[in-house]
Visitor: 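This structure is in structure tokens; I'll ask about it shortly.
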Amino acid sequence: MSSSFGDLLQQAEQLTADMDSGWELPRVERNLHQLAEAGQRLWTQTTGAAGDNAEVKASILLGTKGFDVPRLSEKLDRLDTAKTFEPLEPVRETDIQGFLRNERENAILAAIEEARKNTFNQAERHQWSCMENEWEKEKEKILNSLLGAGQESLDFAVETEVFTTSSLNLQGRSALDATELAYARQIYVHNEALIQSARHNVVDGFIEIVDRFDDPIIKDMWIFIKELGGELQKSQVSSLTMAEKIRFSLDFQVAFIRLARSFLERRYLKFVQDTVYDNLQQAMLGGVPGTFHLVKSFLKIKLPPVLQGLEDGEIDGTPLWPLIYYCLRCGDARAALQAVKHVPQHLGEFRDLFAEYMKSKEGRLSPSSESKLRLQYRRSIRTSQDPFKRAVYCLIGHCDVLSDSHQEVANKTEDYLWLKLNQITVDEEEGVHDSLTFQRLQTMLLEQFGEAHFSAYQKPLLYFEVLFLTGQFEAAIEFLSRVEAFRSHAVHFAIALFKMQLLLLPESTQAQLLTTASGYPTPSRLLNFARLIMSYTRKFEVTDPREALQYFYLLRGMKGPHGHDLFMSCISELVLETREFEMLLGRLEPDGKRRPGCIDKFHKDTQSIIEHVAKDSAEKGLSEEAVNLFDLAKSHEKALEILNKLLSQVVASPSGLQSPRDRLQTMAFDLAQRYRTLGHTASQSRISTFYLLLDLMQFFDLFHAGQLDTAFDVMRKLKLVPLGSESVEEKVAAFRQYNDEIRRTLPDVLLATMNILYTNYRNTRGTGQSPLIESQRDDGGQERYRQTLRRQARALITFAGLIPYRLPGDTNARLVQLEVLMN
């Protein structure tokens, strides 16, 4: 900033000296006026002279075909005024012809603008539609990978353990643990039996591996499901009966409640036996068998020495009413009857009512007897201090079923559940306020108490048992599937119930894992069985695709969101995810026969599955995989359609190691050789385009390798472009018959051919001559050969101007430039 004009002058002189030293070209010294004149002259040459020259050439070119160039120029000038697609100004003069012409041009421009807007809007809608479809698929994958289904309570410790376990499992050969592999083996055996049209109960297979499980509740639940299946067979329920008809039928509910009670009673009897045998010295069991004496020994351990409030005496030192209650709790009513015989005389009516209770098949007194027992309960028993006495009366007479939970006696969850199952009234309506119906009990356990009340995540199997034994299969399975340690059990419980036609399913396979059922008795839920299976297989489908395929076979017959068979859609996603094309779908042998894949055993029409996978691959942009898959499905027409589009994009590109062009070229040559040898089903137009693209690839290979004469000879044999004025019209007419794939390659073909002509033309002025040039010299010398090259170049220019195809602007400019350089 502080430098003076003297310093600037010195620096300028130094720069001038530097420029003078070692400069090869003479310096041009001009003042500003001379520079302005030179610029004006150059501008005139580019706009005027060059333009005049272009007009002269255009007149020569178009005049030979009968075009009136001056009149055509006037029309072009009028169109040029509206190149922004703005409506023309209305004509103010009273010129009818001008007014009509102006209105016509405005209408044309309006139509063009409307078409442009519609095109852009359609393109935008198509883009958004594709994006929404992709997002829907990604969203479904994310939802399937999540454990929960939008529940409010989440166990973050369990969730963290899930991801850690999955990441560790994926490091090994298989992502399945021992339990999951045992289950998968049984699924395989079941599917093999179905494929061979043999009868096989999948529950029997699961029962065979029960001893491998560590948790006794899981073992007991499989035994319960086995008994439930046997009960369905006894009732001769048709396998075609809908699940809701079975689940909400009175016979099924009665049988299910009886099985659930029996299940809890057997569990408690085993607990009593284990307790007694572990404390034989205190129990003083003796040698008399039977539940009566077993419970007497158990009460010596269970009850404290002094318990206040017990009434009506003892039997050999054992309180009366606890003995009756625990005999009933163990499921032995005959043992309870032994104790009932010792009831005092003032309760003699109870002995008769209990005998009637035992003889009843439904486990319930007649209405008149029940009224007597309830009356007796309200008069004296309700105020009794003996909790076991009140509990026995409430069990037999269904007293205070909603108001008294008997926490002094039923202090465990299973005891409470057993008590409520005994008090259920199946044949009465929900509106009766003093009765406990099956649906009311379900609502109370699922909605009123819920997961928080039962500490579900601390005791997941207990909460699962509560829901399952009250007939809420869907909610029970969904909850257990959120606990990773028991997720495989939950999935296979669902598979067993699905095979038994006992699961309530939503109409859409895109629904959440658990949804509230509308139109069913409260609190029914719907379980998305398809989503449960797909989320389960997400863990191991990459490492164990064969096992995942076995589980997907369970979904056959279900319809996906677009109406496709869900089994086929899952196979498609599995193939694209694992990239195991040959293992799952098979491959083509050199003799053209397809080597079977894993899907062949599941589906007779494997071609439709492969085509479905191929279509999904094409939609996802996996074009090369789609070509191979369509070829594998023997859909040669579709395979060539996609391959031709791919080849047209790279046909003019130079070769490179592991480049897309080399990969596509290898694939195309293999297909061409096989189609020539073994035949194909493609149309003549498609196969002709395919072979022509291969020939063009050979042409460009020679062109890029510098073998110009050989490349020019190939182009002459292809007869794609005219090499003489006499064949221009013929080639223009032939161009109309070509497909778009060939038309897209035309600019590169014209440029490559023109470059060959120009290179040969330039070589005639150099020292080195090609063999073709030497032969031409013998026939008439270099000048004659140059004239031939100019005519060929002129034919290319004429052809480019006449074909009904819009070439890129730089292509036209380059063609004209090369043609001018040859003149």
Side-chain angles (χ1 to χ4, degrees), residues 1-64 67-84 86 747-748 750-768 782-783 785-787 789-801 806-823:
M1 297 296 296
S2 60
S3 59
S4 61
F5 286 105
D7 296 335
L8 294 175
L9 177 60
Q10 183 178 0
Q11 294 176 4
E13 291 176 352
Q14 182 64 35
L15 290 174
T16 303
D18 293 341
M19 292 173 60
D20 292 338
S21 60
W23 195 260
E24 297 180 359
L25 298 177
R27 293 189 58 188
V28 179
E29 297 181 356
R30 295 184 181 183
N31 54 26
L32 294 178
H33 181 70
Q34 292 173 337
L35 290 174
E37 289 181 352
Q40 184 68 24
R41 185 168 59 255
L42 290 175
W43 180 80
T44 304
Q45 291 177 357
T46 57
T47 58
D52 295 341
N53 188 22
E55 291 181 0
V56 171
K57 292 183 178 182
S59 299
I60 295 174
L61 175 62
L62 300 176
T64 57
F67 288 94
D68 190 351
V69 178
R71 185 171 300 175
L72 185 61
S73 300
E74 293 179 1
K75 294 181 179 180
L76 293 176
D77 290 340
R78 288 197 300 270
L79 290 175
D80 188 59
T81 60
K83 58 187 176 182
T84 59
E86 294 293 335
D748 296 309
L750 289 173
L751 281 177
T753 307
M754 185 66 80
N755 273 298
I756 294 174
L757 295 176
Y758 174 70
T759 302
N760 289 337
Y761 179 85
R762 186 180 58 185
N763 288 340
T764 59
R765 297 176 178 272
T767 55
Q782 292 184 356
E783 186 58 34
Y785 177 60
R786 293 193 191 99
Q787 291 295 333
L789 294 177
R790 293 191 190 98
R791 287 195 300 270
Q792 292 174 344
R794 172 58 60 182
L796 291 179
I797 293 292
T798 306
F799 175 73
R806 185 174 182 179
L807 300 176
D810 57 341
T811 301
N812 285 320
R814 184 61 180 162
L815 289 174
V816 172
Q817 181 184 12
L818 292 175
E819 196 268 340
V820 169
L821 291 175
M822 295 175 64
N823 289 321

Visitor: What verdict does the side chain to side chain contact (heavy atoms under 4.5 Å, CB included) test give for Y785 and L789, after you've listed the backbone C-alpha separation in whole Å, the side-chain angles of each residue and the deciding distance to 0.1 Å?
Guide: CA-CA 6 Å; Y785 177 60; L789 294 177; 3.5 Å; yes

Visitor: In chain order, what residues pass the side chain to side chain contact (heavy atoms under 4.5 Å, CB included) check against Q817, with sequence neighbours excluded?
Guide: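 For Q817, the residues satisfying side chain to side chain contact (heavy atoms under 4.5 Å, CB included) (neighbours in sequence not counted) are R814, L821.
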
Visitor: Drop me the distance from Q787's CD to Y761's OH, to the nearest 0.5 angstrom.
Guide: 8.5 Å

Visitor: Could you grab the distance from atom OG1 of T811 to atom CZ of R806, nearest 0.5 Å is fine?
Guide: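 Answer for the OG1-CZ pair, T811 versus R806, is 12.0 Å.
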
Visitor: Roughly how far, to the nearest 0.5 Å, is the CG atom of L757 from the CG atom of L818?
Guide: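 It comes to 9.5 Å.
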
Visitor: Find out whether F799 and L750 are in side-chain contact, i.e. whether some heavy atom of one side chain is under 4.5 Å from a heavy atom of the other.
Guide: yes

Visitor: Under the side chain to side chain contact (heavy atoms under 4.5 Å, CB included) rule, collect the residues that match up with A38, sequence neighbours excluded.
Guide: R30, R41

Visitor: So how far is it from I756 CD1 to L751 CG, rounded to the nearest 0.5 Å?
Guide: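 Going from CD1 on I756 over to CG on L751, the span is 11.5 Å.
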
Visitor: Kindly indicate whether the side chain of E819, heavy atoms from C-beta on, has any atom under 4.5 Å from the side chain of M822.
Guide: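 When only atoms from C-beta onward are counted, M822 and E819 do not touch, as no gap falls below 4.5 Å.
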
